[in-house]
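Below is one structure, written out as structure tokens; comments come after it.
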Amino acid sequence: MTAARRPDVTPRRMAPLKAWFDAQGWRALPFQREVWARWLAGESGLLHTPTGSGKTLAAFGGPLLDVLETARADGPVKRKKNAPRTLRLLWITPLRALATDTVRALREPVDALGLDWRIGLRTGDASARDKRLARAGQLDALVTTPESLALLLSYPETAAQFAGLRTVVVDEWHELLGNKRGVLLQLALARLRALAPSLRTWGLSATLGNLGEARDVLLPHAPDAALVSGLPPRALTLETLLPDAGERFPWAGHLGLVQLSRVIDRLLSQRTSLLFTNTRSQAELWHRALSAVWPEDQGTLALHHGSLDPKLRSAAEQGLREGTVRCVVATSSLDLGVDFPAVDQVLQLGSPKGMARLLQRAGRARHRPGEPAHVVCVPTHALELMEYAAARDALAHGRIEPRTPPRLSLDVLAQHCVTLALGGGFHADALYDEVRGTHAFAELDPRTWSAVIEFIVQGGSALAHYPDYRRVVRGDDGRYIVEDRKVAFRHRLSIGTITSDGSVAVKFLRGGALGSVEENFIGRLRPGDRFQFAGRTLELVRLHEMTAQVRMAKRADGMVPKWQGGRMPLSGELGREVERVFARVAAGESDAPEVRALAPLLRLQHALSALPGPDHLLAEWVRARDGKHLFLYPFAGRAVHEGLAALLALRWGRRAPNSFSFTANDYGLVLSVQADADVDAALIHALLQPDALVEDLTDSFNLTELARRQFREIARVSGLLPPSLPGRAPRSLRQLQASSGLLYDVLARHDPDHLLLAQAQREVFAQQLDVVHLAHVLADCARRPVALHRPKSLTPLSFPLWAESQRAHLSTEDWRARVARVAEQLEKRHG
DNA sequence: GACCTGCTGCGGCTTG
């Protein structure tokens with residue numbers, strides 16, 4: 001920041017602010033002064049606040065106070081009840097719960113200064129009165145979500161109300177940066193800048209690997225905007241619940257129930273704990289296991305995940321707040337910004353998967369000033385110990401994952417255009433410029449823009465005969481508008497980018513809601529069958545209109561549902577760090593406790609084959625009774641390994657016809673061949689050539705099928721699929737897939753150049769195959785010398801992959817037996 | 001005797 005541009009933050013102006021801060025017990029820290037100074041200078045910026053560093057509102061005390069003072073100068077302190085007001089401040093958060101908290105927090109300084117300010121809440125769960133106020137322009141400040149903001153933009157009266165905006169604050173920007181919700185917000189912010197040109201935009205972000213980019217995406221109009229650092233990050237220490245000396249520890253798996261007694265000892269040693277798991281299913285299983293041995297009232301043990309009914313989730317949160325709950329078993333649904341007091345300890349069950357996630361979760365733990373936060377890691381299999389040692393190193397070096405902002409999400413753009421057509425209409429040329437001002441659409445070319453317009457006007461050439469797809473018309477004055485009320489209605493029902501379909505509600509006969517499970521899980525059950533859900537054993541009574549009616553079961557058994565969620569591969573950052581730990585082990589340089597505990601296993605790996613490391617690519621060629629297996633360990637996460645395995649199988653098959661199958665996990669991949677074959681380092685090296693990656697990937701996957709499935713989300717967001725109606729049973733997955741699949745086929749046949757087909761392909765490459773990361777890994781593997789070993793038996797690294805590969809073509813029982821037999825042989829041979 | 005995965009988030013109430 002240059003001295004000339006820095007405004008004078010005089011003591012006179014600071015005085016009321018200081019008094020306010022003092023009353024809150026907050027100090028006017030340097031970063032707070034900097035935010036205020038920049039704000040007064042009319043600048044925008046991004047404030048980086050590490051997780052758990054305190055109230056975000058404190059950072060905005062200055063700007064807020066200034067806005068309040070301006071409001072006071074504007075007119076009388078007391079206004080008539082329904083007098084129009086000027087909206088000055090817009091606060092956007094990705095979470096409804098956070099919006100409610102923020103309204104409460106904003107009221108404090110307003111009341112303290114005795115101002116007649118009306119602060120509104122505009123989210124889906126806001127009261128009808130609040131919604132009315134937000135639309136009627138009778139607010140001074142408004143707290144909302146990206147979706148509700150989009151809805152407001154669909155009303156013609158909004159433009160005038162937003163013209164007086166002075167400040168927009170985007171909270172938890174790191175949560176939006178990497179997804180389509182963020183793209184929707186980028187477009188809305190561009191609209192706001194057009195409506196209120198002197199608007200200042202400030203974002204708040206947790207730590208990210210690409211903070212500079214995060215700022216540029218939020219503030220594309222201000223290339224030299226500030227990136228202000230808040231409080232320094234809190235130190236974090238990491239402890240691992242190690243197996244006892246001499247204890248055998250599983251080589252594979254992920255549930256970790258062998259750790260039950262150690263975990264329960266830990267839980268009982270502190271007053272309150274959060275036990276984080278990686279999947280909803282795992283949270284249910286652990287909740288059941290814990291409750292069987294829980295020595296206290298069952299009500300002190302709670303469960304929290306995204307498929308539970310909001311009422312049950314808020315009961316768990318409330319229990320934490322009131323101190324009636326001692327332990328919550330939770331997934332990521334509890335690591336977001338919901339307001340509850342910090343707990344005494346945080347446990348992470350299984351792989352942390354990435355550093356950002358681990359930091360977020362650890363941030364939930366209470367800490368005394370000056371003392372570091374602490375997280376207890378509970379391994380579920382042997383090699384996870386290496387991940388924890390690696391995580392500790394990554395912490396020490398401040399390595400953390402970036403989030404990649406999407407580009408050219410044309411489905412979101414189409415939705416936004418219809419929103420604006422509805423909210424008073426737009427001129428295509430002006431909107432083109434506005435849209436290109438965002439990061440997501442900076443590279444939008446005129447041809448694609450015309451295609452987007454044509455798409456919302458008539459659906460594209462193949463759909464032109466269907467009136468449902470003619471949503472927008474061009475008026476006499478050249479403005480694009482929506483005339484049809486039915487179109488307007490349907491559009492407002494489908495605003496947003498989150499798609500979740502095909503889930504079955506679980507309810508008691510009397511109507512109490514428990515949450516939702518997936519169709520294919522409940523579809524396998526028959527009335528009378530028991531299953532485990534929401535921390536209870538339930539009996540299915542009947543399945544009707546996408547609702548499973550249940551009653552409590554007497555016996556505590558039954559299946560635990562699985563949900564098809566994200567893939568959550570190990571992050572590249574953490575994978576690299578794991579390799580480095582292996583290299584340090586090989587060099588005899590590591591004295592991490594996890595490494596000491598793993599010493600026998602690492603020695604076995606070294607004796608049978610070799611340790612992996614960043615300077616070579618470890619390959620193992622194992623001839624076994626069931627076939628020949630080539631194992632590779634790039635440590636790049638499961639998604640990349642799957643793509644890599646398919647690619648290698650294709651290339652190998654071109655050289656020598658054979659029958660291949662492959663399996664991947666977070667550490668590596670295995671290619672299994674039927675017919676006899678041999679490998680050498682030169683062959684592996686040749687298979688790993690980075691050339692023709694996209695072409696070969698296209699050949700190795702059934703891209704049409706992948707794209708066809710990806711198209712469902714795109715069709716929903718772009719408004720091609722009718723929304724499900726409020727209060728009605730949601731459509732089943734089969735119906736949705738059928739209608740989106742039908743659309744896909746019609747377009748593919750009659751309009752193969754349709755913009756959304758191309759987008760489905762792009763998203764398959766970018767998201768499912770993670771092609772950028774894959775290309776990177778491939779080039780990296782090709783660069784490394786291949787260290788090929790021919791171990792006599794499976795190794796600690798290859799065993800989990802082999803076990804997984806056997807599962808694909810064996811029944812559960814046969815598989816169990818075979819894995820147990822081989823494990824026994826290994827045990828005998830290697831002690 | 002080991003093993004069986006896979007997160008989160010939002011929004012709407014016309015027309016017949």
Side-chain angles (χ1 to χ4, degrees), chain A residues 93-99 122-126 128 131 144-151 154 172 175-176 178-182 184-185 247-258 276-283 285 305-307 330-338 350-351 353-354 357 360-361 380-382 484-500 560-570 638-639 665-666 723-728 799-808 810-813 815-824 826-827:
Chain A
T93 92
L95 293 170
R96 288 187 298 227
L98 216 51
R122 202 332 173 167
T123 59
D125 55 355
K131 287 183 181 174
T144 188
T145 60
E147 288 79 7
S148 282
L149 176 57
L151 272 164
S154 79
E172 310 257 1
E175 288 291 337
L176 299 168
N179 55 44
K180 286 186 184 178
R181 291 185 79 193
L184 190 69
L185 184 56
E247 185 183 353
R248 291 159 176 167
F249 206 63
W251 281 16
H254 81 281
L255 290 178
L257 285 170
V258 290
F276 279 115
T277 67
N278 285 336
T279 71
R280 288 165 275 186
S281 196
Q282 192 181 21
L285 275 165
H305 62 70
S307 291
T331 62
S332 300
S333 54
L334 257 196
D335 59 31
L336 292 159
V338 190
S351 167
K353 300 286 183 181
R357 205 168 125 101
Q360 185 84 41
R361 292 179 164 195
T380 62
H381 65 74
D484 189 339
R485 290 185 55 160
K486 197 172 145 210
V487 168
F489 170 68
R490 279 182 32 167
H491 181 72
R492 292 197 177 105
L493 287 180
S494 41
I495 276 179
T497 65
I498 301 171
T499 54
S500 48
V560 174
K562 288 173 200 154
W563 289 265
Q564 196 66 255
R567 316 227 294 174
M568 281 190 306
L570 184 75
R638 184 175 179 144
N665 66 16
D666 273 338
S724 65
L725 280 99
R728 303 258 190 91
F799 178 78
L801 275 166
W802 174 84
E804 177 87 21
S805 73
Q806 294 302 299
R807 197 153 52 88
L810 288 177
S811 77
T812 311
E813 283 312 307
W815 181 75
R816 213 183 288 235
R818 178 181 287 195
V819 171
R821 199 178 66 234
V822 171
E824 212 170 293
L826 284 174
E827 170 83 6

Using OP1 and OP2 only, check whether a side-chain N or O of [X] sits under 4.0 Å from [N].
X        : N      : answer
A:Arg96  : B:dG11 : yes
A:Ser148 : B:dC10 : no
A:Arg122 : B:dC10 : no
A:Thr331 : B:dT8  : yes
A:Arg280 : B:dC7  : yes
A:Arg485 : B:dT15 : yes

Heavy atoms, side chains only, cut-off 4.5 Å: are A:Asn278 and A:Met568 in contact?
->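 The answer is yes; the side chains approach within 4.5 Å.
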
Heavy-atom side-chain proximity of A:Asp666 to A:Lys353 below 4.5 angstrom =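 Yes, their side chains come closer than 4.5 Å.
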
Which is true for [X] with a 4.0 Å heavy-atom rule: it touches a base, it touches only sugar-phosphate, or it touches nothing?
X        : answer
A:Leu151 : sugar-phosphate
A:Ser281 : sugar-phosphate
A:Ser494 : nothing
A:Lys131 : sugar-phosphate
A:Gly306 : sugar-phosphate
A:Thr123 : sugar-phosphate
A:His305 : sugar-phosphate

Taking atom [atom2] of [N] as reference, at what distance in whole Å does atom [atom1] of [X] sit?
X        : N      : atom1 : atom2 : answer
A:Asn179 : B:dC10 : CG    : P     : 12 Å
A:Gln282 : B:dC4  : CD    : C1'   : 13 Å
A:Leu801 : B:dA2  : CG    : C1'   : 16 Å
A:Trp563 : B:dG9  : CH2   : P     : 14 Å
A:Arg181 : B:dC10 : CZ    : P     : 6 Å

If you look at every heavy atom in A:Ala99 and A:Thr93, which pair is closest and at what distance?
->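 Minimum heavy-atom separation between A:Ala99 and A:Thr93: N-OG1, 3.7 Å.
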
A:Arg490: what forms a salt bridge (Lys or Arg N to Asp or Glu O under 4.0 Å) with it, not counting sequence neighbours?
->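 Only A:Asp468 meet the salt bridge (Lys or Arg N to Asp or Glu O under 4.0 Å) criterion with A:Arg490.
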
Want to settle it: does A:Thr380 or A:Lys486 sit nearer the 5' end of DNA chain B, counting the closest nucleotide to each?
->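 This one resolves to A:Thr380.
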
Side-chain donor-acceptor pair present, A:Ser307, A:Arg280, cut-off under 3.5 Å =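 Looking only at side-chain atoms, A:Arg280 and A:Ser307 do form a donor-acceptor pair, the distance falling under 3.5 Å.
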
Side chain of A:Leu493 only, please: which of B:dT8, B:dG11, B:dG12 is the nearest?
->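 The nucleotide sitting nearest to the side chain is B:dG12.
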
Which one, B:dT5, B:dG11, B:dT14, comes nearest to the side chain of A:Phe489?
->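 When the side chain of A:Phe489 is considered, B:dT14 is the closest of B:dT5, B:dG11, B:dT14.
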
Any sub-3.5 Å donor-acceptor pair from A:Ser281's side-chain atoms to A:Pro561's backbone N or O?
->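 Flag set: sc A:Ser281 to bb A:Pro561 pair under 3.5 Å.
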
